[in-house]
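Proteins get letters first, then strands, A, B, ... in listed order; numbering begins at 1 in each.
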There are 2 protein chains.
Amino acid sequence: MVTIKDIAARLQVSPSTVGRALADDPRISAATKQKVTQVADEMGYVANLAARMMRGVSSNLVGLVLPDIRNGFYATIAHALSKCLQSAGYQLALSETDDDRMVELQSVRELASANVAGIIIVPTAKPHRETVRLLKLSPHVQLLRKHAAIGDQWFGIDDTLAIFEATSHLVQLGHRRIGYIGGTDDLPTGSARLKGYHKALAGVASGEPALVQLGAPSEVDFGANATRRLLSLPKPPTAIVAGSVQMTQGILEELLAQGVRAPDDLSVVGFGDELGFRWWGPGLTTVGLPVHDLATACGLWFVHHVRQNSATASPYTSISPATLIVRGSTRKPGPPTKTSVRASLRGATA
Amino acid sequence: MVTIKDIAARLQVSPSTVGRALADDPRISAATKQKVTQVADEMGYVANLAARMMRGVSSNLVGLVLPDIRNGFYATIAHALSKCLQSAGYQLALSETDDDRMVELQSVRELASANVAGIIIVPTAKPHRETVRLLKLSPHVQLLRKHAAIGDQWFGIDDTLAIFEATSHLVQLGHRRIGYIGGTDDLPTGSARLKGYHKALAGVASGEPALVQLGAPSEVDFGANATRRLLSLPKPPTAIVAGSVQMTQGILEELLAQGVRAPDDLSVVGFGDELGFRWWGPGLTTVGLPVHDLATACGLWFVHHVRQNSATASPYTSISPATLIVRGSTRKPGPPTKTSVRASLRGATA
DNA sequence: TTGAAAGCGCTAACAT
DNA sequence: ATGTTAGCGCTTTCAA
């Protein structure tokens, strides 16, 4: 391995001169720089990253901490960020937490000890105090979920608006008994979404507690079970709104298993637009999330931020809107008509 | 950041004692080790990788190089590997190549200069020579795709068998004009799958060239276009077999757009079992791939291999079988019957 | 069984 | 414009 010393010896100069020349320090003469770079090239010199990192310079690694990469949602984020960071010369280090705060802590510890340039995190419900402390040591930004303790750098979507639009759509179609299956409100996203549901219902329908089913947002099974509970209610809802991607999956599975047909027997609005949602029944009406754009924006901002190397983290918040994608799984409540069936089929292939 | 010195100061011992205790050096008494590890845990000590790397030890980073994480297929792999490596104390560095050999080279270069413990790679069709050279410098293993130049460490699925089973299933149902839409045969997986198709057809039907459509395996659009071409043939096929996940997506989209109904108008067998494939029409009959198990096996083997730190890379090959998942999108060719329609609906919810 | 001390390759404060 | 020197945190001799 060729070191800075080898080059120095060969040129009869001091190691620091070589180091500075290579770093393009203004105090070094052009002639010397010229000679140094040439010899370095000739000898096949490659800077030792480890040594450089020991001197406090952070690596070109950016940690991405999220619950589960198998969620198409997060995969899109990872992809967009990867592209973004790659073109800026950074590498992505992936850590999955499974929404477990201790795993999260462990991951953040490892990243911190690897001297990462920064951390992009989708935090768990209640991050460990140590996690928060460690995050503050390097540039960081929260994605989707925002935890006050972690900081004011956040890129997210307007969760309240998203579910508000989904629910309003159903209200406008004439639905009054609308079920909501979503994440518990200990997660900021969960409570924001629930708020959107209640807001849309305000003044239109009484919020019947039994119609609201809250569970761990990443549990597909909960979505299925909650659907079963809603359907077996004395007065079942005429429509269901999903409050997370996995819940949506559970709901769709359960409806299929029970032979419940949308939109004839029940209207359904999903959350997120995963692969296959448009294939479900007559096409799933769902809340489209601008994940790709969100992640790209986050990546760009982050690179800029890291480059500044400013310890002074100025607060920054970006809220992207979600948009309702209307397909065939929603229509006005009541028995089906020929035209409505045909319309919903068209929706599926649109 | 907590260092070895901090622990030493707290315990009133020398830094070297702490270092040795942490390294489980036989010369340190059990009692000391006990105390050291406990305090280390308490203080949240994490070894500084940079410093360790300077001493010649490679990092705890394992590079994962693959085409596109958005492919559910690769997301599953990343997840399984992440779990596996995490529990062994390794971190995953994710690099996406988009099947571009120059991007691949760039990624591998970065990983190599970061002193990664090893690299797990799904290689592009024709990796750069430099890529191959760099890979040989650290422990590495190929996943899914196998390139002879890169080496004999490979975990993959039996691609030939996978498509053979898919095609045979159709042949047994009575199909004779079977279309195949898959990846070009410059990729080892592509040619193996094509081989499976031809093998299943041997002696049963003449392999009509127009029925075989080959393109870049990751292009959804190619799948859609190829489907259009097959359907507009003078004598269109009665069934189609997909040879990649994205092709499957394209095919499904196109059939939906054209209003072609499976299995009445056409039988379809997909590749992989992505979210939503079971929701498509009467449920997609498809080739299920043991991706999770494959990745886990690969991860375990890799960790073991890296731990051995053996420069002597003994050849190792693992071939996992794929299994056909029969749902509603396939049946015998010809006009529909009442019973067959009912049967296919049952298949969808099974 | 433990401590002291010498570096690994690089950077940066301090001297020329 | 360049040289000297002192570490960064860890491992690893060499001493005790």
### Task
Return the value, rounded to whole Å, for the distance between atom CD of B/Gln12 and atom P of C/dA4.
12 Å
### Query
In whole angstrom, what separates A/Leu49's CG from C/dC8's P?
19 Å
### Message
I need the CG-P distance between B/Leu11 and C/dT1, as an integer number of Å.
### Response
18 Å
### Message
If the threshold is 4.0 Å, N to carboxylate O, is there a salt bridge linking A/Lys126 and A/Asp186?
### Response
no
### Query
Counting only heavy atoms not in A/Arg52, do more than 12 sit closer than 6.0 Å to its CZ atom?
no
### Contact state string [nucleotides 9-15 of chain C, B base, S sugar-phosphate only, - no protein heavy atom under 4.0 Å]
BBBBBB-
### Task
Inspect the contact between A/Lys33 and A/Asp25 and indicate whether a charged nitrogen and a carboxylate oxygen are less than 4.0 angstrom apart.
no
### Task
Rounded to the nearest angstrom, tell me the gap between atom NZ in B/Lys35 and atom C1' in C/dT1.
12 Å
### Query
Within less than 4.0 Å of OP1 or OP2 of D/dT2, is there a side-chain N or O belonging to A/Thr32?
yes
### Message
Any side-chain N or O of A/Ser14 below 4.0 angstrom from OP1/OP2 of D/dG3?
### Response
yes
## Note on the structure
From CD of B/Gln34 across to P of C/dT2 the rounded distance in Å is 14 Å
### Query
Do A/Lys35 and A/Glu42 meet the salt-bridge criterion of a basic N to acidic O distance under 4.0 Å?
no
### Task
List for me each residue that meets side-chain hydrogen bond (donor to acceptor under 3.5 Å, both in side chains) alongside B/Ser14, sequence neighbours excluded, and say none if there are none.
B/Ser16, B/Thr17
### Message
Check A/Glu130 with A/Arg133, please: is the shortest side-chain N to carboxylate O separation under 4.0 Å?
### Response
yes
